[in-house]
Each structure stands twice: as structure tokens, then as C-alpha cells.
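Report on one structure; see the data block that follows.
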Amino acid sequence: VEWERLAELMAAGGVAVLSGAGLSTESGIPDYRGETGRTRKATPMTYEVFTGDAQARKRYWARSQAGWRMFAKARPNKGHEAVARLAERGIVSGIVTQNVDGLHSAAGAKGVVELHGNLDRVVCLGCAELTTRAELDDRLRKANPGFDPEVLVFNPDGDAVLSDVDIATFETVDCKKCGDGVLKPDVVFFGETVPVQRVKDSFEIVESARLLLVLGSSLSVMSGRRFVIRAVKHGIPVAIVNQGPTREDDRATVVIDAPLGQVLPRIAEDLTSSALKVEGLVA
Ligand SMILES: [Zn+2]
């Protein structure tokens with residue numbers, strides 16, 4: 001069966017993981033594309049709109065203030081735990097994620113490259129000071145006492161659709177360090193470039209791997225797809241585990257269409273118990 005074939009490919013180690021939103025859906029964070037492949041109505045915020053329009057920023061922070069609290073509650077699922085375990089055993093050599101939820105690290109994985117940043121951090125566009133989202137949450141709560149709308153829909157970028165509330169009255173806050181710098185979540189918005197060093201680090205992880213394992217990404221955007229293209233160019237086999245088809249299924253050696261929370265623990269169990277046998281640690 002397919003998962004056994006994947007376990008065989010992974011057994012030699014040197015597995016680079018590229019993960020997308022599909023890995024976090026089992027933690028309660030919705031994908032832009034549901035299992036049906038239908039695109040959600042919500043449009044992600046773009047860098048141009050965020051930086052160019054104060055009203056749009058106000059709307060974003062009002063919605064995101066509510067959306068972030070749902071994110072803050074999300075916990076790693078069996079898929080994240082399996083990846084962390086495989087990394088600990090040296091089978092997974094590096095992790096590149098498109099997710100901004102920090103759940104790989106929360107599961108115990110080290111040195112994760114967060115390609116699109118992390119919603120837990122806030123950056124000042126004036127002085128580049130990094131602060132925590134928890135601190136901003138506190139400041140926004142104080143600036144907006146009683147603002148507690150119901151979240152109707154929330155998005156993988158932390159944005160949310162709220163019940164009918166008066167967003168015009170929502171007060172945003174500026175950078176505490178430089179005084180008037182505009183604050184932005186430390187995530188890469190649509191239309192924004194991923195920092196060069198992060199891209200370099202990610203390519204390095206992929207190019208030095210024996211296998212590129214794509215988890216929970218439909219590879220519909222170039223930001224993730226380029227790593228598959230690079231692996232193929234270097235003759236590195238690609239395996240994909242995702243619910244639904246991806247743009248690169250044709251080039252992959254193994255494709256598994258199944259929930260990650262089912263496939264990954266099984267593979268981790270298989271590989272880590274056989275590794276123990278080799279080391280003579282268990283009978
Ligand atoms: Zn500042």
C-alpha cells in the first residue's frame with residue numbers, strides 16, 4: 001500500500017518536510033480551500049491595501065483581534081506530533097512551513113523555517129521592532145473595552161469575519177518604541193515578498209534532502225510549488241500527502257490522498273519503532 005511505500009522512502013532519513021494549511025485543519029484552523037476544493041468567500045489581506053489604507057488596517061485589526069484569540073487556542077494535532085517525533089529521530093532533516101500558526105514548534109520541532117512568518121509576532125513598519133502578539137492583544141483590549149464580537153468565520157491568516165459590529169469605533173494602536181510606526185502582524189501578506197534569507201534557508205533544506213515530503217498543501221501557489229520544482233530539478237524524489245489533488249501530483253513518486261492525522265502517526269510509529277530495533281534498544 002501507498003503509506004508503506006512512503007515509509008520505505010523515508011526510512012533512509014534526510015526527509016525535508018514542506019507543510020501547508022492542510023496539516024493544521026485537524027487543529028481547527030480552516031484552509032482557504034475546504035476538502036471540497038471550493039474557495040472560501042473571504043479574501044486575504046494584501047500588503048498594498050494594509051500599508052496604503054488606514055481604514056482597511058483598522059478593519060483588519062478589529063477582525064484579527066477576534067481571529068487571533070481562536071488561533072491562540074489551537075493546539076498541535078497528531079500530524080504535527082508525528083513530524084516532531086520523526087525530526088527528533090533524525091528521519092526528518094528539516095521543516096519548511098507555509099503556515100503562520102507556529103504549531104510545528106508547539107509540537108516540539110526545532111529549527112522550523114516559517115516561510116510566511118508567525119502570527120504570534122508583530123513588526124513595526126517604522127523601526128522594525130518585533131513584539132509579541134499577546135502584548136498587542138493586551139493593548140488593543142485596553143484601547144477597546146467591551147469590544148467582543150462573535151467570530152463567524154476565521155481564516156488561516158488570522159483574519160476573521162465578525163457578527164455585525166461597529167468597526168468604525170475600533171481604536172488601533174501604534175508602535176510603543178518609535179511612537180507612530182504602523183504595526184503589522186509578522187506574516188507575509190499576499191503581494192509581499194518572503195525575506196531573502198528565509199527563502200535561502202528553505203532551498204538549502206530542500207536541496208540537501210534525500211526526499212521532499214509535502215504535507216497538506218495543494219501547491220497551488222508558487223511560494224510552495226517552487227520547492228517541488230527545485231527538488232525535481234535536483235533529482236530528489238517528491239512524496240505528497242494531502243486531502244485532494246495537488247498541482248504537482250504528476251511529478252511525485254508517491255501521492256497519498258488521506259487525512260494527515262491518520263497517515264503520519266502510522267508512518268512515525270512504523271519508522272521510529274524499527275529504528276529502535278536497529279539500535280537494539282527494544283527487543
Ligand atoms: Zn516602531
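Counting convention: from 1, in listed order, for ligands and their atoms alike. It should be emphasised that the depicted structure is a prediction, and the values quoted were computed from it without experimental measurement.
- At a cut-off of 3.5 Å, with distance as the only test, a side-chain donor of Gln65 or Asp137 sits close to an acceptor on the other residue.
- A donor atom on one side chain and an acceptor atom on the other are not found under 3.5 Å apart for Thr246 and Ser218.
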Discussion item. What verdict does the salt bridge (charged side-chain N to carboxylate O under 4.0 Å, His left out) test give for Arg266 and Asp270, after you've listed the backbone C-alpha separation in whole Å, the side-chain angles of each residue and the deciding distance to 0.1 Å?
Written reply: CA-CA 6 Å; Arg266 210 165 167 183; Asp270 191 53; over 6 Å; no
Discussion item. Please evaluate residues Asp53 and Arg57 with respect to the criterion salt bridge (charged side-chain N to carboxylate O under 4.0 Å, His left out), reporting the C-alpha separation (whole Å), side-chain torsions for both, the decisive distance (0.1 Å), and the verdict.
Written reply: CA-CA 6 Å; Asp53 181 344; Arg57 269 203 304 280; over 6 Å; no
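- Among protein atoms, those of element N, O or S found less than 2.8 Å away from the Zn ion (ligand 1) are Cys124 SG, Cys127 SG, Cys175 SG, Cys178 SG.
- Side chain to side chain, Gln197 and Asp201 meet the donor-acceptor criterion of an N or O pair below 3.5 Å.
- With hydrogens and angles left out, the side-chain atoms of Arg85 and Thr272 include a donor and acceptor closer than 3.5 Å.
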